[in-house]
Number of protein chains: 2
Amino acid sequence: MVQIPNQPVPPSPAQRPVPTSADVARLAGVSRATVSYVLNNTSAVRISEPTRRRVHEAAKDLGYVPHAAARSLRAGHSRMVLMPAPAVPVGPLYSRFFSELQGALGRLDYTVVQYGSAGLHGDEAARAWAELRPVAVLVPGSGLGPQGVAVLKRSGARAVVTLGPERVEGAHALLMDHDRVGHSAGVHLAARGRRRVGVVVPEEPGLEIFSRPRLEGVRRALGGTGATTTELPLAYEEEAAARLAARWRELGLDGVFAYNDEYAMLLMRALQDAGIAVPEETAVVGADDLMLGRLLRPRLSTVHIELPSGRDLAELVDRAVREPGAGPETHEVLGARVVHRDSS
Amino acid sequence: MVQIPNQPVPPSPAQRPVPTSADVARLAGVSRATVSYVLNNTSAVRISEPTRRRVHEAAKDLGYVPHAAARSLRAGHSRMVLMPAPAVPVGPLYSRFFSELQGALGRLDYTVVQYGSAGLHGDEAARAWAELRPVAVLVPGSGLGPQGVAVLKRSGARAVVTLGPERVEGAHALLMDHDRVGHSAGVHLAARGRRRVGVVVPEEPGLEIFSRPRLEGVRRALGGTGATTTELPLAYEEEAAARLAARWRELGLDGVFAYNDEYAMLLMRALQDAGIAVPEETAVVGADDLMLGRLLRPRLSTVHIELPSGRDLAELVDRAVREPGAGPETHEVLGARVVHRDSS
DNA sequence: TTGAAAGCGTTACCAA
DNA sequence: TTGGTAACGCTTTCAA
């Protein structure tokens with residue numbers, strides 16, 4: 001970092017203590033209760049207009065901001081919905097889903113907070129989340145066990161929702177079974193007459209949650225057909241792809257499900273550079289239906305993935321919070337369908 | 001969403017109240033103070049081993065989890081570092097930077113929280129953040145004014161750091177001037193002999209913070225050279241790119257800075273489909289140095305962007321928190337250099 | 001080694 | 001219409 005000469009230190013704000021509602025009350029010449037009434041527009045109590053004005057003015061003068069912790073301590077509950085911040089960079093698909101969710105929850109007057117649980121794992125992380133006493137917890141991926149769910153519920157969470165491959169006892173589940181993604185691709189490749197199918201499995205850590213089920217899905221699709229499935233570990237690097245392409249003929253594959261569109265692009269480029277014709281010699285199928293697939297030549301066939309709408313999930317959360325008695329819901333939310341273009 | 005039949009409602013957990021340290025004390029047959037000592041490993045006080053065991057056991061039996069709000073209320077401070085959650089989907093570059101930052105802050109024992117300020121703007125958002133009494137606030141982009149900084153500081157934030165195009169009075173600044181990105185591209189294109197340069201400006205909302213300075217950077221680079229700069233609004237859609245490519249010859253451009261690698265890919269594909277030779281007829285330069293640029297043919301020239309290391313920023317935050325008296329630091333942190341490949 | 005009590009900032013109940 | 005007071009869960013000082 002390049003240091004730029006600093007401004008002169010401004011006349012120190014005297015490290016003056018943070019103003020509280022008591023300070024506002026004192027300045028306005030009223031009680032703390034009155035301050036609370038005025039600032040929260042409590043309808044059960046009528047406060048005279050001059051008093052209101054004095055309170056508001058005092059609050060503004062002092063730069064008073066209420067203390068959320070104190071408030072929720074007193075109230076006994078908060079409207080915080082907590083999600084762990086994703087550790088691995090996450091694609092545009094998930095980003096969009098998440099910001100939709102965040103908007104929808106915001107409209108329902110919840111506050112969404114992503115908690116950076118760097119290094120914490122599983123039920124250990126659950127404890128850290130529980131300390132914040134969120135009203136609901138949304139957990140993508142696997143890693144949260146029934147223990148963790150229990151901890152969260154016992155500490156007041158009225159809804160725990162997992163977004164992942166399997167149900168967890170006690171939690172609502174949005175099942176996102178990536179097996180389906182691989183399965184669609186497998187069915188498609190088989191229908192296109194491919195008999196020896198490779199499946200790219202990224203070597204980057206953190207992607208196993210997706211890549212394993214996708215691989216299994218292909219296997220399942222090809223199970224009865226007599227076609228073979230070959231696992232292809234691949235790092236997201238040009239050289240790795242080139243090495244894989246170099247031994248392609250020896251592998252004898254006539255089709256490949258490349259995990260997603262980005263790996264597909266990487267592999268397809270390497271194959272073409274190695275003189276393998278796509279789709280004639282080898283069909284390539286990606287997943288995620290990103291824009292880039294449409295820009296490749298040949299245009300990339302891909303598995304379009306349908307995530308649940310953020311609004312639906314927000315409503316599930318809201319429902320669960322209002323009626324914590326109801327049993328946990330389970331929804332299958334991952335839609336997968338092949339978009340057939342020119343690479344297969 | 002497809003509803004799956006729910007399990008039978010489990011014997012309701014009786015909506016039993018959340019266990020407090022008082023409950024633990026009662027069960028262990030000690031006072032609340034002792035519980036606190038044991039669970040926090042307070043070194044100033046020696047507690048007998050049998051007592052410790054009883055307390056730990058009671059805590060585990062009850063599933064006791066301390067209440068973060070109560071704790072920080074009592075302590076008068078927290079170790080929460082707050083960032084607004086990005087509203088627009090953010091690329092892999094920023095994702096990596098952020099998760100590095102999060103890890104580094106975690107190692108310094110801070111808790112990183114991304115706050116979903118859906119809909120809130122500027123100083124209004126600052127108030128919402130201030131309610132959480134974070135010890136530090138990191139704000140990417142513009143939008144936070146001196147007012148907002150003041151609100152945050154008065155409510156106890158010991159460090160406010162902006163990551164954006166300009167300094168804000170009272171806050172530490174990590175200046176990320178995207179003008180530099182455009183400038184590098186402009187200098188490069190001029191050096192390659194291009195005289196009529198187009199600059200793609202995405203139509204997607206939320207990207208102006210980056211696209212405007214990048215455009216200005218190109219203008220600045222080309223200012224003295226007699227070369228022209230043409231603004232090219234472009235939506236991230238194939239049709240929009242095709243329309244732009246269709247009138248390319250009429251625009252008479254011999255070079256284009258395409259905002260970033262993804263827009264560059266979009267535009268380059270459209271140009272090639274329209275029979276415009278890249279780089280012979282028109283040079284194309286992207287930005288971000290993503291993998292995909294290396295996979296295109298011709299390989300995409302791009303502006304490699306260097307973000308500060310998450311560790312450096314974490315240390316800045318830590319320093320600022322420990323010594324809030326020191327004046328705000330300003331650092332230029334955005335490095336930009338052209339990676340020349342085959343498209344220019 | 002342990003316990004009693006005060007206090008952090010809020011809000012809600014009950015009196016005045 | 002307003003104010004006093006208690007309570008939320010926790011930590012820490014002081015006393016025993």
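Since the structure is predicted, the reported quantities are computational estimates derived from the model, not experimental observations. Per chain, numbering begins at 1; letters A, B, ... match sequence-line order.
With the nearest nucleotide of DNA chain C identified for both B:Gly29 and B:Ala70, B:Gly29 has the one nearer the 5' end. Ranked by how close their nearest DNA chain C nucleotide is to the 5' end, B:Ala75 and B:Ser31 are led by B:Ser31. Of the residues near DNA chain D, B:Val45 and B:Pro66, the one whose nearest nucleotide (by heavy atom distance) lies more toward the 5' end is B:Pro66.
Counting only distance, with no hydrogens or angles, the side chain of B:Thr42 and the backbone of B:Ala44 share no donor-acceptor pair below 3.5 Å.
Nucleotide D:dC10 holds its C1' atom 15 Å from the CG atom of A:Leu132, rounded to whole Å. Rounded to whole angstrom, the span from the CZ atom of A:Arg26 across to the C1' atom of C:dT10 amounts to 15 Å. Rounded to whole Å, the distance from OH on A:Tyr37 to P on D:dT2 is 11 Å. Straight-line distance from the CG atom of B:Leu73 to the P atom of C:dA6: 17 Å, rounded to whole Å. To the nearest angstrom, P of D:dG3 lies 17 Å from CZ of A:Arg46. One interatomic measurement links the two molecules: NE2 of B:His67 to C1' of C:dT10, which rounds to 13 Å at whole-angstrom precision. Distance, A:Arg32 CZ to D:dT5 P: 11 Å, rounded to whole Å. Separating the CZ atom of B:Arg54 from the P atom of C:dT1 is a distance of 14 Å, rounded to the nearest angstrom.
Here B:Arg74 does not reach the OP1 or OP2 of C:dG7: none of its side-chain N or O atoms lies under 4.0 Å away. Residue B:Thr34 places at least one side-chain N or O closer than 4.0 Å to OP1 or OP2 of C:dG3. In this structure, A:Ser48 reaches the D:dT2 phosphate: one of its side-chain N or O atoms is under 4.0 Å from OP1 or OP2. The shortest distance between the side-chain N/O atoms of A:Thr51 and the OP1/OP2 oxygens of D:dT2 is below 4.0 Å. For B:Ser21 and D:dC10, the shortest distance from a side-chain N or O to OP1 or OP2 is below 4.0 Å.
The side chain of B:Arg133 has C:dT10 as its nearest neighbour among C:dT10, C:dT2, C:dA6.
Among the atoms of the strands shown, only primed sugar atoms or phosphate atoms (P, OP1, OP2) are found under 4.0 Å from some heavy atom of A:Thr20.
Between the side chains of A:Arg167 and A:Thr330, at least one donor-acceptor pair of N or O atoms lies under 3.5 Å.
B:His67 places a side-chain heavy atom less than 4.5 Å from the side chain of A:Arg133. Proximity of A:Leu174 to A:Pro308: side-chain heavy atoms (C-beta onward) are separated by under 4.5 Å at one or more points.
Note on A:Glu315 versus A:Arg311: salt bridge recorded, some NZ/NE/NH1/NH2 to OD/OE distance being below 4.0 Å.
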